[in-house]
Novice: 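This is the structure I want to talk about, given as structure tokens.
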Amino acid sequence: MPLVLALVLLLLTACTGQFPQSVFAPRSDFSSELAGLFKNIFWWAVAVFVVVETLLLIAIARYRARHGAAEPQPVHGHTALEIGWTLAPALILVFIAVPTMRAIFATAGHAPEGALRVEVIGHQWWWEYRYPTLNISAYNELHLPVGTPIQLDMTSADVIHSFWVPRLGGKRDLIQGRTNRIAFRADSIGEYWGQCAEFCGVSHANMRLRVFVQSDSTFQRWVDQQRAAPATPAKGSPAEGGQQVFRRSACIGCHTIAGVAQGKIGPDLSHVGSRATIAGALFPNTTETLHRWIMNAPSLKPGALMPPQNVSPQDLDALIAYLQSLK
Amino acid sequence: MKSWLTTTDHKRIGLLYFWTAFGFFLIGGLEALIIRAQLVRPDGGLGVSAETFNQLFTMHGTTMVFLALMPLSAAFFNYIIPLQIGARDVAFPRLNAFSYWVFLLGGLFINASFLAGPLFGADRLSVAPDAGWFGYANLTSRQFSPGPNVDFWLLGLQILGIASLALSLAVILIQWWPPPQENQ
């Protein structure tokens, strides 16, 4: 008995702590629909379980073999019983099927007129977001206005990925050569975590994302910031030296900084200093993580295409100062 | 020993299927054990690399489906069906034996990839399949999986497919072969 208690306590420890990716704390119409459907079906399953197990236990207790007892009466051919146990599951299935079909159509991905459209492009192993109506792009961190219908048009640049932000919506696959859609409306301001949910190669587990749901004014400020030309470092500042390092290093082959470089293989860095995270939302955007990332990206994220950079310590400090100035 | 290698008896072939599948079942279980041990805490309880982890879960899925579950069912219907319907054996006992040995070859072929790295100039011992047991393109294509890993998976499954085909012919045709007049 103490052992059982200890085991139960051990299991209950799983109920503590923070769960940024819990499907049971929905914050959008899409995820509320799914959570509601789950609860609906869960309680039907509980009812079925209780009825079946109760009947089973009664049968075991009442009809067990006893010395001298007569054979129990078989129910074979009992018409009323047979109709009953055929109809009851059929009815339960109707009560499950109707809300399920409704949820499937409600989450099919068609946003109402006037929704904010974002094109999501999956890459091994990072996310690109294009806002065609706002003429901006974002990387790994998706910014959305609260309460506004959102339409995500999703495709992939390489292999199959899957967009999944449990508290907002998904999962839905990103497939090269076709467009899959998700539509939802986030109902509270906050930071929501997500990740790729379709095995996509060696760093699949490191393909994370964040969604920042913001008030209209905060969102507008972010849009204006992303629209602006990247910051020009002040004369003689460390950041200016860093820009020189950037210009003469391999960085320009893969990364874009508007007005400085036009590489297309990696994420655009024009506003990298304004991001909360780096490396596919894997690490916080700090001096220390930038340092480690630039020196040896593949050691932090297996398969990362950016090779270890051969930069002197002074150049690296300047480079990081420059990147951080790109708000 | 020799009699087991050359047997065409459906019961013996059923037993061969059973014990071979059970062996692969243990290998698949060992792979699952390493996967779970690695996941005991974030960032790795065993220090298994990302590449190896992908090989382990790919091989675990492939092994359990194609080398354990399917051949276990083959073991049972090979052993039981002729007894149930009163046939002397399956329709084509030699084809049946052929099926078992091809199955064994396919299973060994896929698992040989764990040791085949040096043959392909890889810098590691294991080049086991690593693109998921479900094998979705484009990840399985040359561009995204350049090593021999996916080739082992594809060829191995083709070999296993020949085994399944041969076995199904040998078993399904029991009721037509041999023709009734010869079956006195």
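Predicted, not measured: the structure shown is a model, and the values here were computed from it.
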Novice: Surrounding CZ of B/R12 (heavy atoms of other residues, nucleotides or ligands, distance under 6.0 Å), is the total greater than 12?
Specialist: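 Correct, the count exceeds 12.
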Novice: How long is the straight-line distance from CZ of A/F199 back to CG of B/N54, given to the nearest 0.5 Å?
Specialist: 3.5 Å
Novice: Applying a heavy-atom distance below 4.5 Å, give me the residues of residues 62-85 of chain B that approach chain A, sorted by number.
Specialist: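 Hits under 4.5 Å: none found.
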Novice: Which members of residues 293-309 of chain A, sorted by number, sit under 4.5 angstrom from chain B on a heavy-atom basis?
Specialist: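 Only A/P302 of residues 293-309 of chain A have a heavy atom under 4.5 Å from chain B.
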Novice: Decide if atom CZ of B/F98 counts as having more than 12 heavy atoms of other residues, nucleotides or ligands within a radius under 6.0 Å.
Specialist: no
Novice: If the contact rule is any heavy atom under 4.5 Å from chain A, which residues of residues 114-139 of chain B qualify, in numerical order?
Specialist: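 Checking residues 114-139 of chain B against chain A gives B/D130, B/A131, B/G132, B/F134, B/Y136, B/A137, B/N138, B/L139.
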Novice: Of all the residues in residues 153-165 of chain A, which have a heavy atom that comes within less than 4.5 Å of a heavy atom in chain B?
Specialist: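 Within residues 153-165 of chain A, near chain B: A/D158, A/V159, A/I160.
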Novice: Which bit of B/F57 is near chain A, if near means a heavy-atom gap under 4.5 Å: side chain, backbone, both or neither?
Specialist: side chain
Novice: Take a 6.0 Å sphere around CD of A/E191 and say whether it holds more than 12 heavy atoms from other residues, nucleotides or ligands.
Specialist: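 Counting neighbours around CD of A/E191, more than 12 heavy atoms of other residues, nucleotides or ligands fall under 6.0 Å, so yes.
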